[in-house]
Enquirer: 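The structure that follows is given in the form of structure tokens.
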Amino acid sequence: MAKIDKLDKQILRLIADDARIPFLEVARVCNVSGAAIHQRIQKLTTMGVLKGSQFIIDPEKIGYETCAYIGLNLKNPECFDAVVEELKKIPEVVECHYTTGNFDMFIKLYAQNNHHLLDIIHDKLQPLGLSSSETLISFNSAFERQLPVGNIVVADDELLAE
């Protein structure tokens with residue numbers, strides 16, 4: 001596995017703060033060439049450290065006012081993979097996690113309103129073979145962030161978190 005060095009860490013800090021920062025600006029701040037930045041970004045992408053870039057759409061601004069987290073328990077837990085594939089077909093489901101604790105999996109979804117949420121649960125989730133589910137509605141997100149790049153420690157042979 002390739003190593004992350006101090007320059008990579010500096011690049012990650014800059015692009016995490018502003019994904020739209022021009023590579024030439026990153027190069028200027030890092031005191032290297034634009035080509036070096038392109039190479040480093042490619043390396044970090046190939047390593048899987050960077051998973052692309054995207055514009056983030058505010059669900060509320062496009063009519064999705066209800067954010068819900070739902071813990072799911074399956075009648076047949078051996079059907080995880082098939083259920084995940086079916087969940088991928090439900091556009092309102094934006095995250096799915098395998099979990100420990102009280103649920104087999106945990107999903108995050110957006111609905112236009114509570115009635116739409118009920119329709120999703122009844123018409124799209126229940127047919128997946130659930131033994132039970134528990135829904136938590138989020139009133140508002142206090143904050144969202146990525147893992148701070150400052151916590152990355154540059155080590156000789158591996159990438160470690162502080």
Enquirer: Got a sec: does the CD1 of I57 have more than 12 other heavy atoms crowding it under 6.0 Å?
Expert: no
Enquirer: Please lay out, stage by stage, how L125 and I90 fare under the test side-chain contact (heavy atoms from CB on, under 4.5 Å).
Expert: CA-CA 9 Å; L125 297 180; I90 303 171; 3.9 Å; yes
Enquirer: Is it true that R40 and D5 make a salt bridge, defined as a side-chain N closer than 4.0 Å to a carboxylate O?
Expert: yes
Enquirer: Determine whether V29 and Q10 satisfy the following criterion, side-chain contact (heavy atoms from CB on, under 4.5 Å), listing intermediate values before the conclusion.
Expert: CA-CA 9 Å; V29 171; Q10 187 177 14; 4.1 Å; yes
Enquirer: Any pair with a residue in residues 22-32 that passes salt bridge (Lys or Arg N to Asp or Glu O under 4.0 Å), sequence neighbours left out, goes on the list, sorted by first then second residue, please.
Expert: E25-R28
Enquirer: To the nearest 0.5 angstrom, please state how far the CG atom of L72 sits from the NE2 atom of H97.
Expert: 11.5 Å
Enquirer: State which residues pass ring-ring contact (aromatic ring centres under 6.0 Å, His included) with F23; sequence neighbours excluded, sorted by chain then number.
Expert: H38
Enquirer: Quick check on the hydrophobic clustering: are L117 and L128 connected, directly or via other members, by side-chain heavy-atom contacts under 4.5 Å?
Expert: yes
Enquirer: Measure the spacing between OG of S53 and CZ of R20 and express it to the nearest 0.5 Å.
Expert: 10.0 Å
Enquirer: Would you compute the distance between atom CD1 of I62 and atom CD of E60 and round it to the nearest 0.5 angstrom?
Expert: 11.0 Å
Enquirer: Is the side chain of N76 donor-acceptor paired with the backbone N or O of C79 at a distance under 3.5 Å, no angle test?
Expert: no
Enquirer: What distance separates N113 CG from T66 OG1, expressed to the nearest 0.5 Å?
Expert: 6.0 Å
Enquirer: Stepwise, does the side-chain contact (heavy atoms from CB on, under 4.5 Å) test hold for N114 with I137?
Expert: CA-CA 9 Å; N114 289 348; I137 294 177; 3.9 Å; yes
Enquirer: Check Y69 against C67 and note the closest heavy-atom contact, atom names and distance.
Expert: CE1-SG, 4.0 Å
Enquirer: Residues two or more places apart in sequence or in another chain: which of them pass side-chain contact (heavy atoms from CB on, under 4.5 Å) with Q112?
Expert: Y64, H116
Enquirer: What is the distance from atom CG of L44 to atom CD1 of I37, rounded to the nearest 0.5 Å?
Expert: 10.0 Å
Enquirer: Decide whether V26 and M47 are clustered together by the hydrophobic rule: side chain heavy atoms of Ile, Leu, Val, Met, Phe, Trp, Tyr closer than 4.5 Å, transitively.
Expert: yes
Enquirer: Begin from the C-alpha positions of N73 and S132 and carry the test side-chain hydrogen bond (donor to acceptor under 3.5 Å, both in side chains) through to its verdict.
Expert: CA-CA 5 Å; N73 284 310; S132 66; 3.1 Å; yes
Enquirer: Write out all pairs satisfying salt bridge (Lys or Arg N to Asp or Glu O under 4.0 Å) with one or both partners inside residues 96-106, taking only residues at least two apart or from two chains.
Expert: none
Enquirer: One pair to check against side-chain contact (heavy atoms from CB on, under 4.5 Å): V49 and D8. What are the steps and the verdict?
Expert: CA-CA 10 Å; V49 173; D8 293 329; over 6 Å; no
Enquirer: What's the spacing between Y110 OH and E95 CD if we round to 0.5 Å?
Expert: 8.0 Å
Enquirer: Tell me, please, which residues at least two apart from V84 pass side-chain contact (heavy atoms from CB on, under 4.5 Å).
Expert: K88, C96, Y98, M105
Enquirer: Around atom CG of N31, are there more than 12 heavy atoms of other residues, nucleotides or ligands at under 6.0 Å?
Expert: no
Enquirer: Charged N to carboxylate O below 4.0 Å: is that the case for E86 and K124?
Expert: no
Enquirer: For residues L87 and V94: do they belong to one hydrophobic cluster (side chain heavy atoms under 4.5 Å, members Ile, Leu, Val, Met, Phe, Trp, Tyr)?
Expert: no
Enquirer: Decide whether I21 and L12 are clustered together by the hydrophobic rule: side chain heavy atoms of Ile, Leu, Val, Met, Phe, Trp, Tyr closer than 4.5 Å, transitively.
Expert: yes
Enquirer: Using the side-chain contact (heavy atoms from CB on, under 4.5 Å) criterion, which residues pair with A82? Sequence neighbours excluded.
Expert: none
Enquirer: Following the transitive rule for hydrophobic clusters with a side-chain heavy-atom cut-off under 4.5 Å over Ile, Leu, Val, Met, Phe, Trp and Tyr, establish whether L118 and I70 coincide in one cluster.
Expert: no
